[in-house]
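What follows is a short report on a single structure.
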Number of protein chains: 2
Amino acid sequence: MECKPEFQDDRKKEMRAVHDAMDVLNGKWKIYIISSICHYNKRRFSDILEDVVGISNKMLSKELKELEINKLIKRTVLETQPITVQYELTEHGKTLKTIISNLTDWGMKHRKEIIGKD
Amino acid sequence: MECKPEFQDDRKKEMRAVHDAMDVLNGKWKIYIISSICHYNKRRFSDILEDVVGISNKMLSKELKELEINKLIKRTVLETQPITVQYELTEHGKTLKTIISNLTDWGMKHRKEIIGKD
DNA sequence: CCGGATCCCTTGCGATACTG
DNA sequence: CAGTATCGCAAGGGATCCGG
């Protein structure tokens with residue numbers, strides 16, 4: 001966990017790795033969407049729309065598509081009437097749980113640090 | 001690490017925590033700046049400017065100020081000629097190392113998953 | 001060297017309405 | 001219900017110049 005100086009080459013790989021991660025998680029909504037799906041394991045479009053306060057259906061649709069392209073979520077059309085669509089994390093998507101969890105913990109710590117109470 | 005359904009109240013606190021963390025780490029550059037400072041422990045303005053490829057001095061200045069307000073970094077003016085300014089993580093800022101580290105690991109994993117090689 | 005001020009442009013995102 | 005299409009705005013951010 002220490003950040004001591006290392007060889008330049010490793011450093012570049014690290015930077016690239018952070019960059020790769022950021023590319024996927026960018027935008028205003030991705031983390032919240034993943035967090036929502038992750039919390040319930042499976043979640044329908046309209047449910048996510050409610051979970052993620054403030055998002056529009058256009059944005060949700062766009063973000064979900066990007067997440068799917070990056071193989072983080074799996075999209076399943078259920079043959080109900082009317083049709084519903086279910087989203088769930090892929091195995092690869094599940095590896096994000098650690099990050100979400102860290103982020104949550106850190107957010108709580110930060111709130112105490114800055115605001116002074118939880 | 002599992003994401004099983006929990007009581008609504010905990011869920012709301014979780015969401016708020018993620019939100020708090022995102023507020024601080026938002027924008028295009030924060031993570032990279034922190035990553036740069038973290039890697040070297042102490043880092044001068046112009047050095048960070050080089051580390052973070054593509055950032056303008058205006059942006060760097062703005063982002064550093066925000067990070068300082070959130071008590072993640074400490075700013076020190078060195079009385080050299082001309083003046084240089086040094087930035088380092090505060091104790092609180094150092095708690096972000098876990099997240100950066102996880103993000104790095106995940107980025108590498110993701111690259112293998114999507115591109116297929118590192 | 002640090003970083004503020006100005007100008008300007010791009011694009012992310014919201015609102016709304018519409019289709020299968 | 002899930003998703004698409006169109007319009008339009010405002011914030012974010014780049015380029016450049018300036019001052020301490």
Side-chain angles (χ1 to χ4, degrees), chain A residues 15 18-19 21-37 40-70 72-90 93, chain B residues 15 18-19 21-37 40-70 72-89:
Chain A
M15 287 294 276
V18 175
H19 208 87
M22 297 293 279
D23 277 350
V24 179
L25 304 175
N26 66 6
K28 194 175 172 181
W29 303 110
K30 297 262 167 56
I31 295 284
Y32 300 111
I33 294 170
I34 294 166
S35 171
S36 163
I37 300 174
Y40 294 98
N41 286 323
K42 303 185 183 208
R43 203 72 175 146
R44 286 178 310 147
F45 187 90
S46 53
D47 292 328
I48 303 173
L49 205 53
E50 281 188 34
D51 292 341
V52 183
V53 181
I55 197 172
S56 67
N57 59 347
K58 185 185 88 172
M59 272 301 118
L60 180 54
S61 174
K62 204 194 77 184
E63 305 281 76
L64 284 169
K65 207 181 293 177
E66 290 178 24
L67 291 174
E68 197 190 353
I69 288 173
N70 280 298
L72 298 182
I73 60 175
K74 181 163 164 289
R75 180 178 179 276
T76 314
V77 178
L78 304 178
E79 296 301 340
T80 50
Q81 195 49 248
I83 282 175
T84 55
V85 181
Q86 192 171 75
Y87 293 91
E88 58 196 306
L89 294 183
T90 60
Chain B
M15 287 295 275
V18 175
H19 209 88
M22 297 293 279
D23 278 351
V24 178
L25 304 174
N26 66 4
K28 196 174 171 181
W29 303 111
K30 299 260 167 60
I31 295 284
Y32 301 110
I33 295 171
I34 294 167
S35 171
S36 164
I37 300 174
Y40 294 98
N41 285 323
K42 303 182 185 217
R43 202 73 175 144
R44 285 178 310 146
F45 188 90
S46 52
D47 292 329
I48 303 174
L49 206 54
E50 282 188 34
D51 292 341
V52 182
V53 182
I55 196 171
S56 66
N57 59 348
K58 184 185 86 172
M59 272 300 115
L60 179 55
S61 173
K62 205 194 74 183
E63 304 281 76
L64 284 169
K65 204 183 295 175
E66 290 178 23
L67 291 174
E68 198 191 355
I69 289 173
N70 279 297
L72 298 181
I73 61 175
K74 181 162 165 290
R75 179 178 182 276
T76 313
V77 178
L78 303 178
E79 297 301 341
T80 51
Q81 194 50 249
I83 280 177
T84 55
V85 182
Q86 191 170 75
Y87 294 91
E88 58 194 306
L89 294 184

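Order of the sequence lines fixes the chain letters, A, B, ..., with proteins taken first and strands second; residue numbering starts at 1 for each chain. All values below come from the heavy atoms of this structure, side chains included, with hydrogens, waters and symmetry mates left out.
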Please tabulate, one pair per line, all N/O donor-acceptor pairs under 3.5 Å involving side-chain atoms of residues 25-32 of chain A, not counting sequence neighbours.
unit_1  : atom_1 : unit_2  : atom_2 : d
A:Asn26 : OD1    : A:Lys30 : NZ     : 3.0
A:Asn26 : ND2    : A:Asp23 : O      : 3.3
A:Lys30 : NZ     : A:Glu66 : OE1    : 2.8
A:Tyr32 : OH     : B:His19 : ND1    : 2.9

N/O donor to acceptor pairs below 3.5 angstrom from side-chain atoms of residues 52-63 of chain B, sequence neighbours left out:
unit_1  : atom_1 : unit_2  : atom_2 : d
B:Ser56 : OG     : B:Met59 : N      : 3.3

Practice item. For side chain to side chain contact (heavy atoms under 4.5 Å, CB included), just list the numbers for A:Arg43 and A:Asp51, CA-CA rounded to whole Å, side-chain angles, deciding distance to a tenth of an Å, and then say yes or no. Key: CA-CA 10 Å; A:Arg43 203 72 175 146; A:Asp51 292 341; 2.9 Å; yes
Exercise for review: May I ask you to test the B:Leu89-B:Leu72 pair for a side-chain heavy-atom distance under 4.5 Å?
Suggested key: no
Point to revise | Opening and closing nucleotides of DNA chain D in contact with chain A, under 4.0 Å to non-hydrogen atoms | key: D:dC1 to D:dT6
Check your understanding: Which letters describe nucleotides 9-20 of chain C, given B = protein heavy atom under 4.0 Å from base, S = only from sugar-phosphate, - = neither?
Key -> ----BBB-B---
Exercise for review: Tell me, please, which residues at least two apart from A:Asn70 pass side-chain hydrogen bond (donor to acceptor under 3.5 Å, both in side chains).
Suggested key: none
Check your understanding: Which of residues 45-53 of chain A sit near DNA chain C, with a heavy atom under 4.0 Å from it?
Key -> none
Practice item. Measure the shortest side-chain to side-chain distance between B:Thr76 and B:Tyr87 over non-hydrogen atoms and say whether it is less than 4.5 angstrom. Key: no
Check your understanding: Okay, side chain of A:Ser36, backbone of A:Ile48: is any donor-acceptor separation there less than 3.5 Å?
Key -> no
Revision key, fill the gap. Taken in chain and number order and not counting sequence neighbours, the residues that satisfy side-chain contact (heavy atoms from CB on, under 4.5 Å) with B:Lys65 are none
Review point. Rounded to whole angstrom units, what separation is found between the CD atom of B:Glu68 and the C1' atom of C:dG4?
Key: 15 Å
Exercise for review: Could you pull out the closest heavy-atom pair between A:Leu64 and A:Ile73, with the gap in Å?
Suggested key: O-CD1, 3.5 Å
Revision key, fill the gap. Those residues at least two apart in sequence (or on a different chain) that pass side-chain contact (heavy atoms from CB on, under 4.5 Å) with B:Glu50 are none
Exercise for review: Treat a base pair as Watson-Crick or G-U wobble with both distances under 3.5 Å, then lay out DNA chain D in dot-bracket form, 5' to 3', with | for cross-strand pairs.
Suggested key: ||||||||||||||||||.|
Study note, to complete from the structure: Residues passing the side-chain contact (heavy atoms from CB on, under 4.5 Å) test with B:Ile83, sequence neighbours excluded, are B:Val77, B:Glu79, B:Val85
**Study point:** Qualifying residues under side-chain hydrogen bond (donor to acceptor under 3.5 Å, both in side chains), relative to A:Thr84, sequence neighbours excluded
**Key:** A:Thr80
